[in-house]
Structures are given as structure tokens and as C-alpha cells.
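Here is the structure we will look at, set down as C-alpha cells.
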Amino acid sequence: MNAAEVVTGAAFSRSEMMIVAAARELAEQRVCFVGVGLPNIAVNLAKRTVAPDLQLVYEAGVFDARPARLPLSIGDPTIVTGATAVTSMLELFGYYLQRGLIDVGFLGAAQIDRFGNINTTVIGDYRAPTTRLPGSGGACEIAINARQVFVIMRQSKRSFVERIDFRTSPGNLGGEDGERIRREQGWLGRGPSVVVTDLGVYHFDERGEMRLDSLHPGATLDAVRGAMAWEPRVAESLMETPGPTADELRLIRDELDPDGVYTS
Amino acid sequence: MNAAEVVTGAAFSRSEMMIVAAARELAEQRVCFVGVGLPNIAVNLAKRTVAPDLQLVYEAGVFDARPARLPLSIGDPTIVTGATAVTSMLELFGYYLQRGLIDVGFLGAAQIDRFGNINTTVIGDYRAPTTRLPGSGGACEIAINARQVFVIMRQSKRSFVERIDFRTSPGNLGGEDGERIRREQGWLGRGPSVVVTDLGVYHFDERGEMRLDSLHPGATLDAVRGAMAWEPRVAESLMETPGPTADELRLIRDELDPDGVYTS
Amino acid sequence: MRYAPAVPQTSKVATMRDAIAELVRDGDTVAIEGFTHLISFAAGHEIIRQRKRDLTLARMTPDVIYDQMIAAGVARKLVFSWLGNPGVGGLHAIRRVTEGVGATLELEEYSHFGMVARYTAGAMNLPFFPLRSYFETDLPVANPLIRTVRSPYGDETVYAVPPLRPDVTIIHAQRADAAGDTQVWGLLGCQKEAAFAAERVIVVVEELVDESVIRADPNRTIVPGLIVDAVVVEPLGAHPSYAQGYYDRDNRFYLDWEAVSRDVAALEAWLDEWVHGVSGRTEYLAKLGDARVAGLRPGSAPSGSVDYGSYR
Amino acid sequence: MRYAPAVPQTSKVATMRDAIAELVRDGDTVAIEGFTHLISFAAGHEIIRQRKRDLTLARMTPDVIYDQMIAAGVARKLVFSWLGNPGVGGLHAIRRVTEGVGATLELEEYSHFGMVARYTAGAMNLPFFPLRSYFETDLPVANPLIRTVRSPYGDETVYAVPPLRPDVTIIHAQRADAAGDTQVWGLLGCQKEAAFAAERVIVVVEELVDESVIRADPNRTIVPGLIVDAVVVEPLGAHPSYAQGYYDRDNRFYLDWEAVSRDVAALEAWLDEWVHGVSGRTEYLAKLGDARVAGLRPGSAPSGSVDYGSYR
């Protein structure tokens with residue numbers, strides 16, 4: 001992007017920065033499986049900015065959607081009208097996802113650990129949880145079968161935890177052990193490769209551990225450490241995430257989320 | 001049928017009698033899976049006579065076909081136009097047949113034994129056959145999953161054999177042993193229940209063996225014995241098959257098989 | 001070539017009241033399927049009105065309708081893969097009976113593909129369906145019905161799920177004929193699989209059409225009358241969910257549900273007013289008002305016609 | 001709301017000659033699928049013309065096109081479930097290389113559902129697919145790749161088949177756009193499964209249409225451009241088989257084939273005249289003549305249009 005366009009200061013919210021940073025990660029990607037919630041707005045922003053040819057796959061059974069508005073949910077009628085293909089969910093999960101045709105699975109999460117293992121099932125004990133979360137939906141199979149997984153979530157000591165309460169979707173197995181497991185069980189995917197939060201952008205190192213590569217404008221390493229339960233690995237060449245452009249903000253505010261559902 | 005209408009003497013061929021007798025067996029049936037060849041004409045005749053509500057299922061993926069002409073094959077476009085449903089073959093074999101929704105599977109055969117085991121694969125040794133036949137097609141799974149199986153075939157010492165050269169489709173297992181096998185393997189079907197030939201009509205007894213119940217006009221028990229490799233069981237109350245009606249013959253000759261492909 | 005005049009097929013058209021009374025029985029496993037669109041709220045409400053009990057409710061995404069049904073006390077167990085108010089948040093009636101040590105609702109939990117695979121195994125009469133989900137997760141621990149199966153080709157081991165065979169599957173569709181031949185366009189979800197897997201099937205439709213409409217486009221048929229027990233004609237019967245080409249989701253309703261669902265008294269009052277307080281869908285729609293419905297109608301986006309060809 | 005102007009998708013439109021030259025390699029497993037209709041005779045003939053060798057040919061119903069290809073010597077092995085000239089009789093070129101002790105063509109034989117299940121396992125990336133065929137038959141003896149698998153739920157044992165993953169799948173369809181998004185109506189056979197199972201996919205179509213035609217009716221799409229490597233526009237490319245809505249089967253051809261196929265010299269002469277003697281489909285059709293083609297055109301039977309609704 002053109003640096004001159006970058007909006008500075010408090011002219012954008014942390015959520016907006018998170019969505020923008022997540023969208024930008026999709027440049028160069030071809031086929032993206034869009035998860036519930038924040039991924040939905042990030043992916044739709046990418047389609048309007050860095051990745052106009054991105055083919056959006058919705059677990060509802062839609063391939064190459066061209067939503068004319070931000071879908072209210074991942075089954076909104078606007079993802080159907082004008083799509084390239086609509087299939088049964090058996091075929092969507094079997095012939096597209098499990099077959100290995102998805103480049104990026106884009107997920108949200110309630111809890112994540114340093115290896116990208118994700119919990120969207122329960123907080124607390126499974127049989128008597130303090131909070132009952134939605135459960136897997138398609139996340140478990142997306143994490144296993146998409147070639148790589150991007151995660152978008154707000155970061156806090158409650159969400160970035162040492163040990164997740166329930167493993168709904170497997171993380172980045174990393175290393176030789178991970179390779180062996182993948183090979184033996186016929187996994188096609190490499191697991192999570194990007195995590196974008198309201199504070200920064202993480203990628204995964206060769207051992208499968210999350211590494212902070214970019215801090216959002218205004219965020220500090222201390223703020224990051226204060227919002228996670230383990231001592232983070234930090235890239236030697238830690239970058240500052242370029243702030244949102246005026247066009248990115250306009251798209252979010254005027255088109256994608258005029259009611260501020262995702263960005264408030 | 002009205003006996004007064006029955007055509008007598010040499011006014012009809014043995015093939016015509018066979019097709020008519022086979023069609024009549026479909027009275028009262030609801031859903032019929034139509035096999036290649038002779039079953040195709042017999043079932044289409046039934047639909048025009050004794051079973052107008054019969055729902056025709058073609059393995060090509062068609063449910064409740066209303067062919068406007070005799071289909072040239074079981075994938076003819078005339079079985080598609082005006083049908084109730086067209087599905088993939090995965091769904092046709094899985095959701096309709098294996099699910100147990102087919103009342104009658106109607107098959108032809110090259111060889112049959114006294115228990116209704118059917119060979120449509122090879123004559124001679126499998127690895128070096130004297131005659132390579134078409135193979136199973138859908139016959140194997142029809143025989144296993146249709147609630148009952150009707151067979152139509154011309155009868156001779158070469159086709160009604162003591163021991164078939166290859167078991168393509170299982171027969172009427174009969175008896176307690178058959179019940180046990182069906183239960184253990186989750187079979188839904190009872191196997192062959194009717195065999196109609198150019199000489200007569202057979203049903204199966206409680207042990208699963210074929211029994212001659214009706215002789216076609218002009219056929220004799222000696223002729224039957226001369227056209228099969230085992231000594232047939234014969235019903236105590238052996239009937240004579242009522243000959244074709246004028247209407248049945250007209251339908252075959254004018255509409256269904258004007259070129260005499262099946263009836264020559 | 002003409003067919004002999006067929007005996008007219010018995011019509012399966014029924015009222016919602018009769019269909020639910022006759023086909024849904026206490027203790028049944030009931031699947032109301034439809035992924036995001038075509039969710040039969042109308043059938044769910046009738047099940048509540050008739051005070052069915054001890055149901056096992058199956059559904060990939062128990063959303064607002066299951067929150068209402070579970071709040072009304074019809075269910076003892078939930079079989080599912082994603083629990084929430086789509087695009088809004090949680091389902092608080094369900095949370096109340098699933099959180100903490102006093103949880104009273106039994107849960108049997110899969111992933112989406114696991115649920116789809118279960119219906120498919122049911123529809124195909126298979127003893128299990130294999131899939132590559134669940135590796136390195138806690139789901140097989142939480143649900144011992146998720147098991148491994150070894151491939152007979154090489155060493156590979158994958159997971160399997162057992163067939164799901166509902167006593168009753170209820171689906172909403174755009175159109176059907178009186179015999180129950182049913183067509184859907186837009187999202188197909190797992191309705192076909194859930195219907196073929198079931199013992200009994202109720203189809204609720206926006207429009208009852210002549211058989212000739214169905215037969216003009218047989219590739220659109222997802223469920224044949226063969227497996228359908230009742231056809232209920234209930235336009236807008238999927239409100240507040242949507243029906244592709246007919247109406248949009250009534251998002252205000254979903255947003256409002258958040259507050260209603262959090263408050264036991266408000267939820268009771270809502271059920272009294274909108275479910276028990278109306279005799280059926282006609283009164284519900286009258287209460288809702290024409291203006292609200294009018295605001296949900298989409299513009300037009302025709303599919304165009306294709307030619308099957310006449311082969312005589 | 002508008003999209004940023006997209007980089008135009010690279011067109012995949014290719015000539016049949018280039019598509020076959022680049023995508024079909026000696027030794028490949030090639031599946032030309034299409035059950036009775038939409039059989040790509042045009043692609044089969046081009047494979048013969050280019051004298052491909054050592055192919056493993058897969059197809060549920062090896063019919064006249066495979067009889068021609070096997071007669072021409074392109075194949076070393078056949079994977080199939082039904083072998084014949086549909087509605088007519090045998091395939092004599094194939095019989096000559098499969099009967100008697102001197103049989104030279106290797107056979108791998110299943111039932112129809114077995115073949116469909118193999119493609120489905122390939123399309124789903126499963127190590128096997130379970131099915132209830134083959135009980136008490138000789139098929140698992142003839143083909144040791146048909147194996148049993150025990151259900152992890154109870155004692156039940158069913159059969160399984162392994163995935164079939166063609167190097168190339170070729171399908172004929174009514175229409176596609178330049179990116180390869182492909183729509184079919186009428187019989188669907190196992191084309192979708194065979195295409196998703198394959199490493200490379202060639203789609204041959206009656207008509208090339210604008211993307212907007214595809215997007216107007218997304219439920220009709222059976223194969224997305226995502227998995228398509230080449231789109232070949234070859235009207236009447238399925239002759240003498242049929243294309244629903246476009247032309248009927250040329251039955252005279254199937255009847256005539258019986259005599260041609262029985263006689264080695266006649267078959268060679270036929271290949272010389274109709275395959276090697278023409279440069280491609282255009283010359284083939286010119287030879288065939290307009291009158292013969294005109295006689296195959298069906299009457300009209302429109303599907304009618306449905307409305308997807310515009311949701312903005």
C-alpha cells in the first residue's frame with residue numbers, strides 16, 4: 001500500500017487494525033474457507049482490497065461467493081446469489097476441503113495456545129463447563145484439511161493461554177514429530193501459520209511455536225506480554241504493522257460493518 | 001385380465017409371452033429398479049398395463065421416469081425428461097437402493113442356478129473365459145439391496161445350469177441359514193422371488209429353490225426339462241399362464257418394440 | 001405414447017397441526033434441518049404447542065429455534081456440531097441447561113462434517129462413515145461414539161462416526177407437489193441426507209406446485225415423495241430464517257433474541273405470546289404484520305431456463 | 001457494493017489437440033466418464049490420433065469409445081463395472097483381447113456402486129469407501145482389491161473399495177465458462193466424483209458461456225474451474241452418444257458398430273477413415289453431414305426459471 005495513505009494515530013480502533021492486518025495476509029492466496037465471525041469480515045475486506053480474485057468458500061456449501069453485502073452469517077443468501085457453485089455440505093466438506101483444495105482456512109478462536117491449538121468448545125470442564133461455547137462447527141476439519149490456517153482473535157490472558165481447556169482444532173504440530181503424525185494420518189494441512197490479534201501479527205517457527213512478527217501501531221511489547229499467558233517469542237526484526245489506509249477504513253465503516261458489529 | 005381378450009395359438013411369440021408374463025408380475029409393486037435389456041421392456045409394459053403407478057428407477061440416476069418411448073438403453077434421455085428426480089449415481093445407489101427403498105430389482109441373466117444365483121460375468125474360467133459377458137453393472141448390489149428380485153431370461157440348458165461359472169449376484173439364500181447370513185451382514189433384500197422365462201414362471205420355495213408355478217401356453221413340462229440342467233421342482237397346482245391380451249401385444253409391437261429388438 | 005390413466009396419487013398435504021400430531025411422538029429423535037436458510041420455525045413452534053416431551057433433538061446448528069424448543073422443555077438430549085445464534089452470539093436457554101454442575105440437557109457433540117457424515121451413513125444404510133477429522137483433538141474423548149477405523153488398504157487409520165437415523169426429519173423447502181416431491185435451490189445443507197436417513201419425513205413448503213413443475217426440472221429435486229409422509233404448506237414458515245429467493249433473514253429478530261433468551265421471564269413471555277398464544281403460522285404472521293414481511297422480500301435474480309429436450 | 005476490478009482470470013480454453021497433448025501422458029490412468037450421455041468420443045478419438053500408449057482406462061461402462069480406443073492399442077489395462085454396447089450387444093474388440101488364454105488386456109473389475117464408491121473415495125481423499133455389495137459373490141475373489149472392513153460399531157462387516165485417483169479425468173458437459181466452471185443437467189453419473197478424484201481435468205463442452213450464465217444458477221455447477229485444467233469447446237463432441245437437450249443418441253451408429261467391431265479389418269478401416277483420417281471434430285462432423293445431425297435434435301422441454309433473489 002502507499003504509505004502516504006496510511007491513517008495514523010487514534011483515527012482507527014484496535015479491532016479495525018486487526019481486521020485490516022488479517023485481510024492483508026490473504027494477498028497471494030487463492031482459495032479461502034471462511035469461518036464464522038471475525039474471519040467473515042476480514043476475508044470480505046481482502047476480497048475488496050489485496051485479493052480481488054480470492055475465491056471464497058463457505059461451509060454452508062458455497063464456492064466462489066460474491067457477496068453483495070457483508071454476509072450476516074456464513075449462510076446468508078447473499079453468498080449464494082452470484083456464486084460459482086453451490087453444493088451439499090457433504091460435497092463441500094468431502095470434495096473441496098478434505099480433498100485438499102483449500103489454501104487457507106480462516107478461523108476465529110476463544111482460546112489458543114502457543115502451538116496454535118484452538119478451543120471453541122468449553123471454558124472449564126467439558127461435563128460441567130463454566131461457559132459453553134459453540135463447539136467445532138467446521139473448525140476441526142478445516143484445521144486438519146486446509147493447506148494452512150489463519151486465525152483472527154482478540155488477545156488477552158484469558159484467550160492466549162498456557163493450556164487450553166479443550167482441544168477443538170489441532171494446532172501447528174511443528175518439527176519432525178509433526179511431520180510424522182501428518183504423514184501417518186494422511187493430513188494435507190500444515191496447521192496454523194498466521195495469528196492476527198488486536199495487538200500484532202504472529203507466524204509460526206520451525207518447531208510450530210507462535211512468534212510475534214509485527215506490532216500494531218500503538219501496541220507495545222509490554223502490552224502484548226500483558227495479554228497472554230506465556231512468554232512470547234519475538235522476531236529479531238520485529239516490524240510495526242502499517243496502519244489502515246483510508247480506503248480500508250472506508251470499506252469497513254461504510255460497506256462491511258456500518259453498524260459496528262465487529263469493530264465496536 | 002379378461003379371458004375373452006386373451007390371444008391364443010401361434011399369434012404371439014415365446015418372447016412376447018415372456019415379456020407379458022414378466023410385466024404382470026409387477027402388479028401391486030410400487031418401486032422398481034429397471035435392469036438392462038429384457039427387464040427394460042417388461043417394466044415399461046407393466047407401466048402401461050398392470051402397474052400405471054409403478055415408479056421406475058434407473059441406475060443411471062433417475063427416479064420415477066416417464067419415458068415417452070421405449071428407452072434405447074437404461075441411460076436414454078427419454079427417461080430423464082419428465083422424471084421426478086435425477087440424482088448422482090452415488091446417491092441413487094446409496095440413498096435409494098442401499099437404503100432399502102427399492103421394492104423390486106428387475107434383472108436379466110446369462111446363467112442362473114436353482115437358487116437364483118446369477119452369472120453375468122464370464123462363461124468359462126474367469127482369467128481365460130470362453131465368453132466375456134458384461135459383468136455386474138448394478139446387478140450385484142441390486143440383488144443384495146432390493147427388497148426382492150425378479151429375473152427375466154430365456155431358458156436353455158446353457159442358461160439354467162447346475163453350477164454357474166461365476167457368481168455375480170447372490171441368489172435366494174433360503175431357509176434359516178439364509179436368514180442368519182442376511183441378519184449378520186445387514187441385508188435388506190430377500191433375493192430372487194420370481195423368474196420368468198420363455199417357457200414358464202417360477203417362484204422360490206421356503207428353502208430358496210426355484211419352483212415352476214406356471215407353464216406358458218404351448219409349453220410342456222418336457223420342454224421345460226429339456227431346457228434346464230437340473231430336475232425342476234414343480235408346483236402341485238401347476239397353472240397355465242394366460243396368453244397375452246390384444247392390448248399387451250399391441251403395446252409391444254406398435255409402441256415398445258416396433259423393430260422387434262427384444263421379441264424377434 | 002400415452003400412459004393408462006393412473007390412479008391419482010394420494011395427496012400428502014396436511015396441516016402442520018396434524019402432521020406434528022401424527023408423525024412426532026414423545027421420545028423421538030427429531031431432526032429439523034436446514035443450514036441457515038429454510039429452518040422450519042413453524043414446525044418447531046407446533047412441537048412446542050403440542051407439548052411434546054423427551055425428544056432427542058438433532059441438528060448441525062442448534063440455533064434460535066432449538067433455543068426456543070429447549071426452553072419450552074420438549075427435549076432431553078441434543079445432538080449437534082455448532083451451537084449459537086448465527087452472527088449474533090450465544091443461545092442462553094441452552095446455556096442455562098448445559099453450563100455448571102446442574103446441567104440437565106444431555107449433549108452428543110460432533111463437528112459439522114461429522115454430523116453430515118452421520119446423516120450420510122444413515123441415508124446410505126452404512127454402519128459407519130469414515131472421515132479425516134478429529135486427529136489430535138479432544139472430541140473423541142468427549143464423545144466415545146467417535147471411533148477409529150483402520151483402512152483395509154495399508155496402515156492408515158481414520159476416524160468414523162455412526163449413522164444417525166432420526167425418527168422424524170423435518171425440512172423446509174421452496175416447493176413441493178402434493179406427493180411430496182421436493183425442490184430446493186440455494187444452500188442444500190444436509191437436508192437430503194437427513195431426510196433419506198429418517199424413518200418419517202415432513203416437508204414444509206413455501207409453495208405447493210403441480211407435479212408438472214417438478215417434472216420440468218428433475219435435477220432440482222432433493223427429496224422424492226417416496227420418502228415423504230406429509231407436505232405442509234406454510235408460506236414464510238421459515239421466518240425469521242430465510243428462504244432463498246422468497247425472503248431474507250429477519251435479522252432484527254436474531255438481534256432481539258439475545259436479550260429475550262438471557263431473561264427466563266422474557267423468554268417465557270415470548271413463548272406465551274408468539275407460540276402458545278397463536279393457533280398456528282397464519283396467526284403468527286398476522287401478528288408479525290405485512291410491513292415487516294414486505295421489508296424482507298429480495299429483488300429478483302432469475303436462474304434462467306435450460307432445455308431438457310423432448311425425446312419421443 | 002462493488003468489487004475492485006479483478007485481474008481477468010486466465011482462460012483455460014484450449015484445442016482438443018493441445019489439451020490431450022499436454023494433459024494425457026503415456027502410462028496414465030485416464031477416466032472418460034459420462035453415463036450413457038455426455039461421453040467424450042471427441043477426446044477418445046484425439047487420444048487415438050496422438051497414439052498414446054500404455055494407458056489404464058477407467059470407466060464404469062466401457063462402451064463403444066473404449067472399444068475403439070482398445071482396438072487402436074492405447075490401453076494396457078481396463079478398470080470397469082459393465083462392458084457392452086448399451087442396448088445392442090457386445091464390444092468385440094475388447095472381447096478379442098479378454099477372451100481365451102491369450103488375453104492381453106488386464107482387467108480390474110467392480111460393480112457400478114463399487115466404481116462410484118472408488119471415485120467418491122478419491123474425490124473425498126478417503127483411504128477406502130464402505131458399501132454393502134459383494135456379499136456371497138465371486139467378485140472379491142476375482143478382484144482382491146475388494147476387501148472387507150469391520151464396523152467400529154458392533155460386529156457388522158461390510159465390503160470396501162480403494163480410492164480411484166485418475167491422472168486425468170475427461171468429461172463432456174453442456175456448458176462451461178472460460179475458467180472451467182461447468183454445468184450439467186440430465187444424468188449426472190459419476191462425473192463430479194471422477195473429476196474431483198483426478199489429478200488433472202479436461203472438460204469438453206457443447207457451449208462456452210459467459211461466467212454470468214454460470215453464476216445465475218450456481219446449483220447446476222458440478223465442477224468448479226478450480227480443478228479444471230482445460231476447457232475444450234467441441235459441439236457434438238459426444239456423438240454418437242447424446243447430450244441432454246442438445247441431441248439424441250445416434251442409434252444407427254451403435255447398431256452399425258456391432259458388425260464393424262466384429263471384423264478386425266472393418267474396425268481398422270473405420271479408425272483410418274473416422275479417426276486418423278480426420279484432423280479433428282470439425283472434419284468428423286463435416287463427414288457425418290448436417291442431415292444426420294439434424295435428425296438427432298430433440299424437441300424443446302424447458303426447465304423453467306427459479307429466482308435466487310437479489311440480496312444487497
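Most heavy-atom pairs under 4.5 Å with chain C: of the set D:Val158, D:Leu145, D:Val184, D:Leu187, this distinction falls to D:Leu145. When C:Ser305, C:Pro298, C:Ser303 are compared by the number of non-hydrogen pairs under 4.5 Å with chain D, C:Ser303 comes out ahead. Annotation: maximal heavy-atom pairing with chain C below 4.5 Å, among D:Ala216, D:Pro162, D:Ala160, occurs at D:Pro162. Among C:Tyr311, C:Tyr247, C:Phe128, C:Tyr153, the residue with the largest count of heavy-atom pairs under 4.5 Å with chain D is C:Tyr153. Among the candidates C:Ser151, C:Pro218, C:Pro163, C:Gly154, the residue making the largest number of heavy-atom pairs closer than 4.5 Å to chain D is C:Ser151.
When heavy atoms are compared at a cutoff of 4.5 Å, D:Arg297 does not approach chain C at all. Contact annotation for C:Pro302: both backbone and side-chain heavy atoms come within less than 4.5 Å of a heavy atom of chain D. Only the backbone of D:Leu131 comes within contact range of chain C, with heavy atoms under 4.5 Å apart. Interface remark: C:Ile146 contributes backbone atoms only to the contact with chain D (heavy atom separation under 4.5 Å). Heavy-atom distances place both the backbone and the side chain of C:Val306 under 4.5 Å from chain D. For C:Asn219, the part sitting under 4.5 Å from any heavy atom of chain D is the side chain, from C-beta outward, and nothing else.
In this structure, C:Arg249 forms a cation-pi arrangement with C:Tyr254, its terminal cationic atom sitting closer than 6.0 Å to the ring centre and no more than 45° off the ring axis.
In this structure, C:Arg132 and D:Pro127 have side chains that are in contact, with non-hydrogen atoms separated by less than 4.5 Å.
In this structure, C:Glu106 contributes its side chain and C:Thr56 its backbone to no donor-acceptor pair below 3.5 Å. No side-chain donor-acceptor contact under 3.5 Å links D:Arg150 to the backbone of D:Thr157. Here the side chain of D:Tyr134 pairs a donor or acceptor atom with the backbone of D:Ser111 at under 3.5 angstrom.
The CZ atom of D:Arg175 sits 12.5 Å away from atom CD of D:Glu206, with the distance rounded to the nearest 0.5 Å.
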Without placing hydrogens or testing angles, list every side-chain donor-acceptor pair under 3.5 Å for residues 236-246 of chain C, not counting sequence neighbours.
unit_1   : atom_1 : unit_2   : atom_2 : d
C:His239 : ND1    : C:Tyr284 : OH     : 2.8
C:His239 : NE2    : C:Asp250 : OD2    : 2.7
C:Ser241 : OG     : C:Ile39  : N      : 3.2
C:Ser241 : OG     : C:Ala238 : O      : 2.6
C:Tyr242 : OH     : A:Gly75  : O      : 2.3
C:Gln244 : NE2    : A:Pro77  : O      : 3.3
C:Gln244 : NE2    : A:Thr81  : OG1    : 3.0
C:Gln244 : NE2    : D:Tyr308 : O      : 2.9
C:Tyr246 : OH     : C:Glu207 : OE2    : 2.6

For ring-ring contact (aromatic ring centres under 6.0 Å, His included), just list the numbers for C:Tyr110 and C:Phe80, CA-CA rounded to whole Å, side-chain angles, deciding distance to a tenth of an Å, and then say yes or no. CA-CA 6 Å; C:Tyr110 299 85; C:Phe80 75 105; 8.7 Å; no

